Amino acid sequence: QVQLVESGGGLVQAGGSLRLSCAASGRPFGTYTRGWFRQAPGKEREFVAAITRSGGSTQYADSVKGRFTISGDNAKNTVYLQMNSLKPEDTAVYYCAAGRQAGLGWSPERYDYWGQGTQVIVSS
């Protein structure tokens, strides 16, 4: 098993940047596919980005492509989400997730472990 703790959320103006971190404890984080999801009030949880176990491949939702970057540091058991050019529609609770299945995936069902979430608010 692995436990996930997100950090780095906060309030930022539109056009600004934030970097989210997700620290893992338990099994080595590099043995899992890692992903970021978000959930805005009244909406379903949606995929944001994912990275493979090796870190060699990444996948992004169209809404964040070119603005967000997912990366992993297996030595630190941490995955990051660098968010640039933030928009008010990026406001949501952001969740880190880890999945035992190999390969990338956008479906929440592919992920087995979840963090508690960190709030991101982008003001206009």
Side-chain angles (χ1 to χ4, degrees):
Q1 283 199 357
V2 65
Q3 292 77 44
L4 308 176
V5 178
E6 302 97 334
S7 61
L11 174 64
V12 64
Q13 287 189 334
S17 298
L18 282 175
R19 188 176 82 154
L20 305 183
S21 299
C22 175
S25 59
R27 288 188 62 184
F29 213 6
T31 61
Y32 298 91
T33 297
R34 284 73 50 86
W36 285 96
F37 289 76
R38 67 187 182 186
Q39 188 166 18
K43 295 187 177 181
E44 293 188 353
R45 190 169 298 189
E46 66 173 0
F47 171 77
V48 175
I51 188 168
T52 53
R53 296 171 180 176
S54 67
S57 295
T58 57
Q59 181 182 11
Y60 295 93
D62 288 343
S63 59
V64 307
K65 204 170 292 183
R67 301 188 297 122
F68 291 11
T69 303
I70 187 171
S71 61
D73 187 336
N74 290 345
K76 295 184 177 180
N77 249 15
T78 302
V79 66
Y80 304 98
L81 185 68
Q82 178 66 44
M83 305 186 296
N84 298 329
S85 301
L86 283 161
K87 305 175 181 180
E89 51 263 43
D90 295 318
T91 294
V93 177
Y94 283 71
Y95 297 91
C96 174
R100 294 189 297 264
Q101 292 187 56
L104 297 167
W106 57 267
S107 171
E109 295 179 352
R110 288 179 57 91
Y111 296 84
D112 305 290
Y113 305 101
W114 294 83
Q116 83 290 347
T118 185
Q119 177 74 58
V120 171
I121 299 173
V122 184
S123 63
S124 57

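In this text the structure is predicted, and so the values were computed from the model without any measurement.
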Suppose the criterion is disulfide bond (SG atoms under 2.5 Å apart): which pairs have a residue in [range], not counting sequence neighbours?
range          : result
residues 39-71 : none
residues 30-70 : none
residues 63-93 : none
residues 32-72 : none

On a heavy-atom basis, which atom in [X] and which in [Y] lie closest, and how many Å separate them?
X      : Y      : result
Ala40  : Ala92  : N-CB, 3.8 Å
Val122 : Thr91  : N-OG1, 2.9 Å
Gly72  : Ile51  : N-CD1, 3.8 Å
Val48  : Leu81  : CG1-CD2, 4.1 Å
Asp112 : Arg100 : OD2-N, 2.7 Å

Anything under 3.5 Å between a donor and an acceptor, one on a side chain of residues 7-17, the other on a protein residue two or more places apart or in another chain? List them.
| from | atom 1 | to | atom 2 | distance (Å) |
| --- | --- | --- | --- | --- |
| Ser17 | OG | Asn84 | OD1 | 2.9 |

According to salt bridge (Lys or Arg N to Asp or Glu O under 4.0 Å), does anything in residues 62-71 pair up with another residue at least two apart or in another chain? List the pairs. Asp62-Lys65, Arg67-Asp90

By the definition side chain to side chain contact (heavy atoms under 4.5 Å, CB included), identify the one residue from Asp73, Ile70, Leu4 that meets it with Val79. Ile70

For residues 104-124, pull every pair meeting ring-ring contact (aromatic ring centres under 6.0 Å, His included), keeping only residues two or more places apart or in separate chains. Tyr32-Tyr113, Phe37-Tyr111, Phe37-Trp114

Residue pairs passing the ring-ring contact (aromatic ring centres under 6.0 Å, His included) test where at least one lies in residues 79-104, sequence neighbours excluded: none

In Å and rounded to the nearest 0.5 Å, what is the [atom1] to [atom2] distance from [X] to [Y]?
X     : Y     : atom1 : atom2 : result
Thr58 : Phe68 : OG1   : CZ    : 14.0 Å
Trp36 : Cys22 : CH2   : SG    : 5.0 Å
Arg19 : Met83 : CZ    : CE    : 11.5 Å

Which residues pass the side-chain contact (heavy atoms from CB on, under 4.5 Å) test with [X], not counting sequence neighbours?
X      : result
Thr69  : Tyr60, Gln82
Glu46  : Arg38
Ser107 : Glu109, Arg110
Glu89  : Lys87

Pairwise side-chain contact, Thr31 with Val2, heavy-atom cut-off 4.5 Å (strictly under): no

Taking Thr118 for its side chain and Glu6 for its backbone only, find out whether a donor-acceptor pair lies under 3.5 Å. no

Taking Thr52's backbone N and O only, do any of them form a donor-acceptor pair with Arg34's side chain (distance below 3.5 Å, no angle check)? yes

